[in-house]
2 protein chains.
Amino acid sequence: MSDRQRDKITIAEVAKRAGVSTATAGRVLGDYGYSRQEIKDKVRKAAEELGYRPNLLARSLITGKTKTIGVVAGDIQSPFYASVMRGVSDVTRAAGFGILLTNSDERLDRELEAVQLLREKQVDGLIIAPSDLTGSAHLHATVRDGCPVVLIDRLVRDLAVDGVCVDNHAASRDCIARLVAAGHRRIGLVAELEGWEGGDVEDFLRAVETGSLDSATLFPSWQRLYGYVEALKEARLPVDPALIGRVGTYSAEAAGKETRRLLHMADRPTALFPADGLMAAAAMEAITALHLQIPEDLSLICFDDLDWMSFIRPGIAAVVQPLTDMGEAAARLMLARIAGEDGPPQRLALKPKFAERGSIARPRAVEIPPS
Amino acid sequence: MSDRQRDKITIAEVAKRAGVSTATAGRVLGDYGYSRQEIKDKVRKAAEELGYRPNLLARSLITGKTKTIGVVAGDIQSPFYASVMRGVSDVTRAAGFGILLTNSDERLDRELEAVQLLREKQVDGLIIAPSDLTGSAHLHATVRDGCPVVLIDRLVRDLAVDGVCVDNHAASRDCIARLVAAGHRRIGLVAELEGWEGGDVEDFLRAVETGSLDSATLFPSWQRLYGYVEALKEARLPVDPALIGRVGTYSAEAAGKETRRLLHMADRPTALFPADGLMAAAAMEAITALHLQIPEDLSLICFDDLDWMSFIRPGIAAVVQPLTDMGEAAARLMLARIAGEDGPPQRLALKPKFAERGSIARPRAVEIPPS
DNA sequence: AATCAGTGTGCGAACGTTCTCACATTATAG
DNA sequence: CTATAATGTGAGAACGTTCGCACACTGATT
């Protein structure tokens with residue numbers, strides 16, 4: 001066992017050695033209130049000699065600020081969250097804040113647990129990718145208790161807090177428009193599209209038709225479907241529900257299966273649009289397994305730019321989400337709120353870049369025009 | 001500004017409502033010491049009604065335990081650390097611990113800052129991928145103060161603490177042996193190989209010759225070079241220093257440049273062994289840019305298995321590091337130490353798997369120069 | 001000479017828990 | 001019936017800081 005907790009040096013001991021009160025020593029070391037230069041030097045010297053290190057726990061207990069931000073990510077192992085975290089981390093570190101990290105696995109129960117832990121640890125703020133856009137009583141409670149919340153990647157409709165997203169809707173519409181411009185008429189979509197409160201895909205298409213949807217508070221994959229539908233409508237092309245590959249779960253296996261379904265259709269799509277990185281990898285695997293040539297047999301644009309897309313031949317065109325930017329922006333919003341910034345909730349929609357590569361070509365099976 | 005810090009419910013208020021002392025309420029809610037069932041119910045009811053949530057800061061201040069583990073990763077954005085973190089996170093979460101995450105960017109100054117912050121925040125332990133295997137006074141100090149440390153990915157020689165690594169040496173030797181078995185005689189290595197305390201590559205080769213090296217306390221890329229050299233020696237093949245691509249820095253650009261150097265050699269290697277994921281991606285990019293066919297023109301084995309290696313054609317053979325396992329193991333060692341486990345430092349060397357794929361072939365009979 | 005603002009210091013009370021002790025009460029054994 | 005142990009409770013002191021207040025000293029302005 002030995003001596004576990006070595007004799008920690010406290011302010012009191014430093015004060016004693018410097019011959020001042022603990023209050024004075026505290027003022028010098030904590031850098032608040034008044035103190036003479038002479039005293040400052042004396043105290044600092046004593047602290048140095050004793051190897052004093054402040055106990056931030058005690059400070060936090062009294063100030064009510066921990067200089068720690070809680071983050072609830074979906075899965076830190078995914079490139080998406082890893083990059084976002086990097087952004088968050090860079091900005092917060094520069095401001096002297098620490099980061100308490102948790103994973104929700106996009107499950108509400110995990111998220112609840114995580115939020116509770118973080119709040120009990122008295123984080124100064126919460127950056128979260130909410131796993132459920134409706135059941136968010138815990139987030140409302142957090143806000144009500146005066147703990148700033150910043151949403152990432154998706155917004156909770158009735159939660160009036162800052163949020164940072166990517167403009168999925170526009171980016172997706174743009175991708176489809178490019179495929180359409182290249183002559184494609186049958187474009188397959190492979191997307192997660194997990195449960196939507198409004199019902200199934202057919203319901204969603206109807207809702208898009210009536211324009212009754214608030215695109216901003218949908219899950220990203222639904223936003224991307226929204227953009228897909230809009231682009232087709234703009235081009236006056238029909239939306240064939242059979243071309244909408246709803247994977248239903250965030251799994252590479254399921255995505256591969258759905259991709260194969262699309263590619264085995266009698267009237268198969270001439271272009272494919274996997275709506276995120278995982279779907280892209282799964283789709284790519286299915287495509288190579290079927291020995292389809294890109295772009296001759298199939299054009300491809302992916303949402304999310306993974307490293308391999310730039311160095312396989314041909315390169316795969318992709319939407320490049322500004323992930324670290326997103327983390328940085330979220331962190332900055334958070335720091336501003338912690339600093340006491342007041343005002344209406346800010347919702348940032350970052351504009352992704354587009355990486356043009358050789359995966360788009362005119363469809364081979366050219367429709368023969370009526371003569 | 002409004003009411004920032006909403007009226008938090010404390011144990012005292014719960015106690016008052018339940019009609020008991022704070023000590024008793026504390027015992028019930030903190031689940032320590034004795035208390036009657038009847039009292040327990042009463043206190044819990046009062047706590048429930050008031051919406052009491054414990055303040056872990058206060059608890060930690062007095063118990064001296066924060067149930068938080070500090071992690072110093074190199075760069076959370078890299079798949080390596082992201083996966084390791086996932087493992088750490090899973091194990092610690094199950095034990096009710098939080099994770100305070102920092103990035104060092106493999107820079108000692110950042111690491112020092114990070115360790116200081118974490119320690120001031122009174123973490124119960126430190127899991128760290130040390131960025132410098134010699135200048136580690138801060139780690140020695142941490143250990144001396146009774147704060148458990150677990151090393152990840154590389155070991156500090158004179159620091160007697162637990163550590164979890166991958167058996168780079170054996171894995172690398174195995175890869176080279178496979179290439180040799182396939183008939184390769186000139187095998188190129190592309191590795192980071194940043195500063196080594198003993199000097200340059202020539203010095204290293206001499207040191208290997210004399211057997212004066214402790215492979216376990218080298219940086220991974222040097223360990224992999226060690227394995228490379230050993231495998232060649234075992235096969236009685238010469239070690240040509242020109243085939244050792246020392247990138248010198250952890251950069252894709254530099255790795256690409258080094259790869260190109262190797263591939264443009266008059267007597268160029270017939271097989272390539274990029275010694276980690278970043279090097280692999282950079283090498284792959286260079287290879288495709290030169291329109292070399294794998295495995296006809298060049299055989300390839302990579303250290304680190306990236307997702308694209310399995311679905312491009314041909315697949316790329318790779319060493320699969322057990323990354324989350326590594327994180328999990330580190331976390332478990334840490335929890336054991338925190339629980340008071342005594343005993344000599346444990347150093348785990350995890351065995352990587354090998355993913356056999358179609359990137360290895362016999363070298364083409366003769367290199368025919370263009371005429 | 002009196003007033004004031006600015007500067008500098010120490011005492012003791014916070015912060016919200018747990019811990020140590022003293023002291024009841026009850027159960028078990030001799 | 002006593003001795004011993006186990007169980008249960010509360011008062012008050014920790015933990016290591018910061019904060020409010022009282023007071024003291026300076027110098028400039030009335």
Side-chain angles (χ1 to χ4, degrees), chain A residues 4-44 46-47 50-68 119-124 145-146, chain B residues 4-44 46-47 50-68 119-124 145-146:
Chain A
R4 289 245 344 113
Q5 201 71 328
R6 209 59 164 241
D7 37 9
K8 292 277 189 181
I9 309 300
T10 72
I11 271 194
E13 302 176 60
V14 174
K16 195 168 159 195
R17 175 176 254 253
V20 296
S21 71
T22 63
T24 298
R27 272 187 287 257
V28 174
L29 299 171
D31 210 38
Y32 54 91
Y34 296 113
S35 49
R36 267 185 298 159
Q37 188 58 47
E38 186 197 333
I39 293 281
K40 276 184 185 159
D41 294 341
K42 212 160 54 172
V43 171
R44 294 223 177 90
L50 292 173
Y52 169 78
R53 291 283 102 202
N55 182 332
L56 298 189
L57 243 49
R59 174 178 298 171
S60 295
L61 182 57
I62 186 160
T63 61
K65 312 252 152 212
T66 50
K67 296 213 99 185
T68 302
R119 296 213 49 208
E120 290 183 356
K121 283 191 185 294
Q122 311 293 121
V123 295
D124 290 342
D145 292 348
Chain B
R4 290 237 352 108
Q5 201 72 329
R6 209 59 166 239
D7 38 9
K8 293 275 190 183
I9 309 300
T10 73
I11 272 194
E13 304 176 59
V14 174
K16 196 167 157 197
R17 175 175 255 254
V20 297
S21 71
T22 64
T24 299
R27 272 187 287 255
V28 174
L29 299 171
D31 211 37
Y32 54 91
Y34 296 112
S35 49
R36 265 185 300 157
Q37 188 57 48
E38 186 196 333
I39 294 279
K40 276 183 183 157
D41 294 341
K42 211 159 53 172
V43 171
R44 294 223 179 89
L50 292 173
Y52 168 79
R53 293 283 102 204
N55 181 332
L56 298 189
L57 244 48
R59 175 179 299 173
S60 296
L61 181 57
I62 186 159
T63 59
K65 313 252 152 209
T66 51
K67 296 213 97 181
T68 302
R119 294 214 49 209
E120 291 184 355
K121 284 193 185 292
Q122 312 292 126
V123 294
D124 290 342
D145 293 347

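Sequence lines set the chain letters: A, B, ... in the order given, protein chains first and strands last, and positions in each chain run from 1.
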When all nucleic acid strands are considered with a 4.0 Å heavy-atom cut-off, which category describes L57(A): base, sugar-phosphate, or nothing?
nothing
Rounded to the nearest 0.5 Å, how far does OG1 of T66(A) lie from CG of L56(B)?
11.5 Å
Assign each of R27(A) and A12(B) to its nearest nucleotide of DNA chain C by heavy atoms, then name whichever residue's nucleotide is nearer the 5' end.
R27(A)
Given L57(B), which partner from the list R59(A), Q122(A), E120(A) fulfils the side chain to side chain contact (heavy atoms under 4.5 Å, CB included) test?
Q122(A)
Shortest non-hydrogen pair, V14(A) vs Y52(A), comes out as CG2-CB, 3.7 Å
Which angle, rounded to 10°, do you find between the first-five-pair axis and the last-five-pair axis of the helix from dA1(C)-dT30(D) to dG30(C)-dC1(D)?
50°
Assign L56(A) to base, sugar-phosphate, or nothing according to its heavy-atom contacts below 4.0 angstrom with the strands shown.
nothing
Say you draw a straight line from CD of E13(B) to NZ of K8(B); how long is it, rounded to the nearest 0.5 Å?
12.0 Å
Which residues in residues 29-37 of chain B have a heavy atom closer than 4.0 Å to any atom of DNA chain D?
Y34(B), S35(B), R36(B)
Anything under 4.0 Å to a heavy atom of chain B counts; send over the first and last such nucleotide of DNA chain C, read 5' to 3'.
dG16(C) to dC19(C)
Quick test of your reading: applying salt bridge (charged side-chain N to carboxylate O under 4.0 Å, His left out), list the pairs with at least one residue in residues 18-37 of chain B, sequence neighbours left out, ordered by first then second residue.
R36(B)-E38(B)
To the nearest 0.5 Å, what is the distance between CZ (R53(B)) and CG (L29(B))?
9.5 Å
Output the rounded distance in Å from CD1 (I62(A)) to C1' (dT18(D)).
3 Å
Quiz: residues 16-24 of chain A side-chain donor-acceptor pairs under 3.5 angstrom, not counting sequence neighbours:
residue	atom	partner	partner atom	Å
R17(A)	NH1	E49(A)	OE1	2.1
S21(A)	OG	A23(A)	N	3.4
S21(A)	OG	T24(A)	N	3.1
S21(A)	OG	T24(A)	OG1	3.2

So, does T24(B) get its side chain near the phosphate of dG10(D), meaning an N or O under 4.0 Å from OP1 or OP2?
yes
Does the side chain of N55(A) come within less than 4.5 Å of T10(A)'s, by heavy atoms?
no
Integer-rounded Å distance: dG8(D) C1' and K42(B) NZ:
13 Å
Nearest-0.5 Å distance, CD1 of residue I11(B) to CG of residue L50(B)
12.0 Å
Residues which pass side-chain hydrogen bond (donor to acceptor under 3.5 Å, both in side chains) with T68(A), listed by chain and number, not counting sequence neighbours
K121(B)
Going from OH on Y34(B) to NZ on K40(B), what distance comes out if it is rounded to the nearest 0.5 angstrom?
11.0 Å
Using a heavy-atom cut-off of under 4.0 Å over every strand shown, decide if I11(B) touches base, sugar-phosphate, or nothing.
sugar-phosphate
